[in-house]
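Only one structure is covered here, and it is reproduced in the block below.
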Amino acid sequence: MEPDIRHTGYMSRRQLERGAALRGMVGADGIEPLVPDGTVADADCTILHLDMDAFFASVERLRHPETRGHPIIVGGTGPRGVVASADYIARTYGVHSAMPMVRALRLCPDAIVFPPDGAAYREASEAVMDIFRAITPEVEPVSLDEAFLDVAGARRRLGSPVRIAELIRARVREEQRLTCSVGVASTKFVAKLASTRCKPDGLLVVPTDRVTAFLDPMPVGALWGVGEKTEQHLVRLGLRTVGDVARVAPDTLRRELGQAVGGRLSDLARGRDERRVVPGSPDKSIGTEETFDRDVDDPGVIHRELLRQSEAVARRLRASGQMGRVVVVKLRRADFSTITRSRTLAEPTDVAREINTVARELYAASGLERARLRLVGVRVEGLAGTEEVHRQLAFDEPETGWREAERAMDRVTRRFGAGAIKPAALARRDEDDA
C-alpha cells in the first residue's frame with residue numbers, strides 16, 4: 001500500500017527534531033509501506049537507525065518506579081535551566097528538549113524534575129550499545145541514545161533487516177526495560193527520518209522503490225543541513241517540501257545555495273546518501289559548559305569554573321583513552337553574544353592542569369575579564385588515542401608528575417565516588433559555600 005503522508009506546511013527545524021511533524025504522518029500499523037503480498041520489501045534496506053525513546057527520562061523512570069504515571073522532566077533546575085529530556089506524558093503538555101525549565105513547569109506543573117545524571121545515562125547507553133554490537137560490529141554511535149547499524153553481514157545468521165530490527169527492539173525491552181524506535185532503509189538519511197517518524201516504540205521500513213513517496217511530502221526542514229536561514233531561503237524560492245527541492249535542477253540549487261550545500265541538498269532530496277556506517281566513530285571533541293544562575297563578572301568565580309571544567313574534561317579524556325591538542329574556551333555575555341577562543345598545543349594532553357592553564361590564558365586574552373558572563377565552557381579538540389601519541393621530553397625538560405597524580409585521583413574517584421578528591425582551590429570554595 002502507498003504510505004499515507006500528508007504535508008503539514010512550513011515547519012522549523014526544531015519542530016522536526018522534536019518529531020511532531022513526522023510522527024503525525026505515520027500509519028497505524030507502524031510498519032509501511034508493504035509489497036502487494038503483505039511482506040516487507042526490505043532486501044536492500046540494510047541500514048538501521050536506532051533511537052532510544054525519551055532516553056534520559058526513561059532511565060530516571062527505571063531508577064524511580066514510584067514516578068509511574070507521572071510526567072518526568074530531566075534538566076537544570078535553576079532559573080536558567082533548560083529541559084534535556086521529557087517523557088511522553090510531559091510532551092502531551094507541550095514540553096520538549098531545549099525549552100526553558102521555567103516555561104516547561106508552567107506548561108506541566110505536576111512534572112517530577114530530575115537533574116541530569118551523566119554517569120547513569122552513560123552506563124545505560126553502554127548496555128544498549130553492547131546489544132547492538134552483539135548483532136553486528138558495524139555500529140556507529142551518534143550520541144548516548146542513538147546509533148546507525150549496517151546489518152548486511154548479519155542477514156545470513158539472523159534473517160532479514162526487519163527481523164533483525166525486531167530482535168534488537170525485543171532485546172532492549174527485555175534486557176534493559178527500555179524502548180527504542182527503529183528506521184530501516186538503504187541509506188542513513190532515510191533511516192534517520194524513518195525512526196523519527198515512527199516514535200515512540202515503533203519500527204518503520206522504507207524500501208528503496210518507495211523512498212520518493214516517503215520523502216516528497218516532507219517539509220524542507222527535514223533535509224540534513226537545512227538550518228533556519230537556509231529553510232527561509234528555500235521557502236522564499238517557493239520550495240516548501242522535499243519534493244519541491246527534488247524537482248529543481250541541481251545547478252539551480254548550487255547557484256542559489258552554493259556548490260557544496262546546493263549539491264548536497266539536491267542529492268538528499270532525491271534519497272541519495274553515499275555515507276557508510278563507520279564503526280566506533282571517534283569523538284571530534286570533549287567538552288563541558290555551565291550556564292550560571294546569575295550573570296557573573298568576578299574573574300575569581302570564572303577562574304574557578306574554568307578549573308572545574310578543565311578537571312571534568314581531562315577526566316573524560318583519560319576515561320576514553322584519548323588526548324587532545326586544541327583547547328577551546330566558550331564565553332557567552334549577558335546579551336547572549338558568544339565568542340570562542342582556541343589554542344593549539346605543542347603536544348596533545350589529557351592533563352587538567354595543562355588544559356586549565358591554557359583556558360585561563362584564553363579567558364584573559366578575550367578582553368572579557370570584567371564583562372558579565374552568562375555561560376562559560378571548556379572543550380578539547382584534535383583528539384587521538386593515547387596509544388597513538390608519543391610524547392617526547394626535551395633534553396632539559398623535567399617530568400612534572402601531574403599526569404600520574406591525576407590518574408591517581410581517577411582511581412580514588414572510581415573507588416569512593418565523585419567529589420572524593422578534588423583540587424584544593426575547589427575544595428576550599430566548597431567549604432566556604434557550605
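Note: hydrogens, waters and symmetry copies are ignored here, and every other heavy atom, side chains too, is used. One is the number of the first residue; the rest follow in order along the sequence. This one's a predicted model, so the numbers in the text were calculated from it and none came from an experiment.
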| field | Main-chain N/O of Ala352 paired with Asn356 side-chain donor or acceptor, under 3.5 Å | value | no
| Do Leu215 and Leu193 have side chains that get closer than 4.5 Å, going by heavy atoms? | yes
| task | State whether the number of non-hydrogen atoms from other residues, nucleotides or ligands found under 6.0 Å of Arg343 atom CZ is greater than 12. | result | yes
| Can Leu50 and Ser195 be said to form a side-chain contact (heavy atoms from CB on, under 4.5 Å), step by step? | CA-CA 7 Å; Leu50 294 103; Ser195 70; over 6 Å; no
| Neighbour count above 12 (heavy atom, 6.0 Å) for Arg103 CZ | no
| request: Looking only at non-hydrogen atoms, find the nearest pair between Val83 and Ala104 and report the distance. | output: CG2-CB, 3.7 Å
| Taking side chain as C-beta onward, heavy atoms only, is Arg374 less than 4.5 Å from Phe292? | no
| said: Let me confirm one number: the OG-CZ distance from Ser310 to Arg315, rounded to the nearest 0.5 Å. | reply: 10.5 Å
| said: For Phe132, is there any backbone N or O sitting under 3.5 Å from a side-chain donor or acceptor partner on Thr136? | reply: no
| Hey, does the side chain of Ser125 reach the backbone of Tyr121 with a donor-acceptor pair shorter than 3.5 angstrom? | no
| request: Flag the pair Val328 / Val326 as yes when at least one side-chain heavy-atom distance between them is below 4.5 Å, and no otherwise. | output: yes
| Closest non-hydrogen atom pair between Pro141 and Arg133, with its separation | CG-NH2, 3.5 Å
| Taking C-beta and beyond as the side chain, do Ile72 and Phe114 meet within less than 4.5 Å on heavy atoms? | yes
| message | For the residue pair Arg270 / Ser266, report whether a side-chain donor-acceptor contact shorter than 3.5 Å exists. | response | yes
| query | Which atom pair, heavy atoms only, marks the closest approach of Phe189 to Leu223? | reply | CZ-CD2, 3.7 Å
| query | Would you call Arg61 and Asp87 a salt bridge, taking side-chain N to carboxylate O under 4.0 Å as the test? | reply | yes
| query | Side chains of Leu167 and Leu158: does their closest heavy-atom pair fall under 4.5 Å? | reply | yes
| Would you find a donor on one side and an acceptor on the other, under 3.5 Å apart, between the side chain of Thr357 and the backbone of Arg353? | yes
| Does CD in Glu369 sit with more than 12 non-hydrogen atoms of other residues, nucleotides or ligands closer than 6.0 Å? | yes
| query | Are the charged groups of Asp298 and Arg304 less than 4.0 angstrom apart, N to O? | reply | no
| Would you call Arg63 and Asp117 a salt bridge, taking side-chain N to carboxylate O under 4.0 Å as the test? | yes
| task | Using the ring of Tyr363 (Phe, Tyr or Trp, six-membered ring only), decide whether Arg360 places NZ or CZ under 6.0 Å from its centre and within 45 degrees of its axis. | result | no
| Flag, side chain of Lys192 to backbone of Thr187, donor-acceptor distance under 3.5 Å | no
| field | Heavy-atom side-chain proximity of Arg80 to Met101 below 4.5 angstrom | value | no
| Greater than 12 external heavy atoms within 6.0 Å of Glu66's CD | yes
| Between Arg333 and Ile339, what is the shortest heavy-atom contact and its length? | NH1-CG2, 4.0 Å
| Any salt bridge between Glu140 and Arg276, counting N to O under 4.0 Å? | no
| Taking side chain as C-beta onward, heavy atoms only, is Val277 less than 4.5 Å from Leu149? | no
| task | Would you name the heavy atoms of Val95 and Cys108 that are closest together and state the gap between them? | result | CG2-CB, 4.0 Å
| task | Identify which one of Val376, Leu375, Val378 satisfies the side chain to side chain contact (heavy atoms under 4.5 Å, CB included) criterion when paired with Lys330. | result | Leu375
| task | Can you sort out the partners of Asp201 under side-chain hydrogen bond (donor to acceptor under 3.5 Å, both in side chains), two or more places apart, ordered by chain and number? | result | Arg169, Arg173
| Sequence neighbours excluded, which residues qualify as side-chain hydrogen bond (donor to acceptor under 3.5 Å, both in side chains) partners of Glu381? | Arg379
| request: Answer yes or no: is there a donor N or O on one side and an acceptor on the other, between the side chain of Arg177 and the main chain of Leu62, under 3.5 Å? | output: no
| For Ala86, does its backbone N or O pair with a side-chain atom of Arg91 as donor and acceptor, under 3.5 Å? | yes
| request: Give the minimum heavy-atom separation between Asp293 and Gly78, together with the two atoms involved. | output: OD1-CA, 3.8 Å
| field | Approximate separation, where rounding is to 0.5 Å, of Leu265 CG and Glu256 CD | value | 12.5 Å
| Is it true that a side-chain atom of Asp244 and a backbone atom of Thr241 form a donor plus acceptor pair closer than 3.5 Å? | yes
| query | Heavy atoms, side chains only, cut-off 4.5 Å: are Glu305 and Val301 in contact? | reply | no
| Distance only, no hydrogens: is a donor on one side chain within 3.5 Å (strictly under) of an acceptor on the other, for Thr208 and Asp44? | yes
| request: Assess the side chains of Glu354 and Thr349: does a donor N or O sit below 3.5 Å from an acceptor N or O? | output: yes
| Strictly by modelled atom types, are Ser181 and Asp53 linked by a side-chain donor-acceptor pair under 3.5 Å? | yes
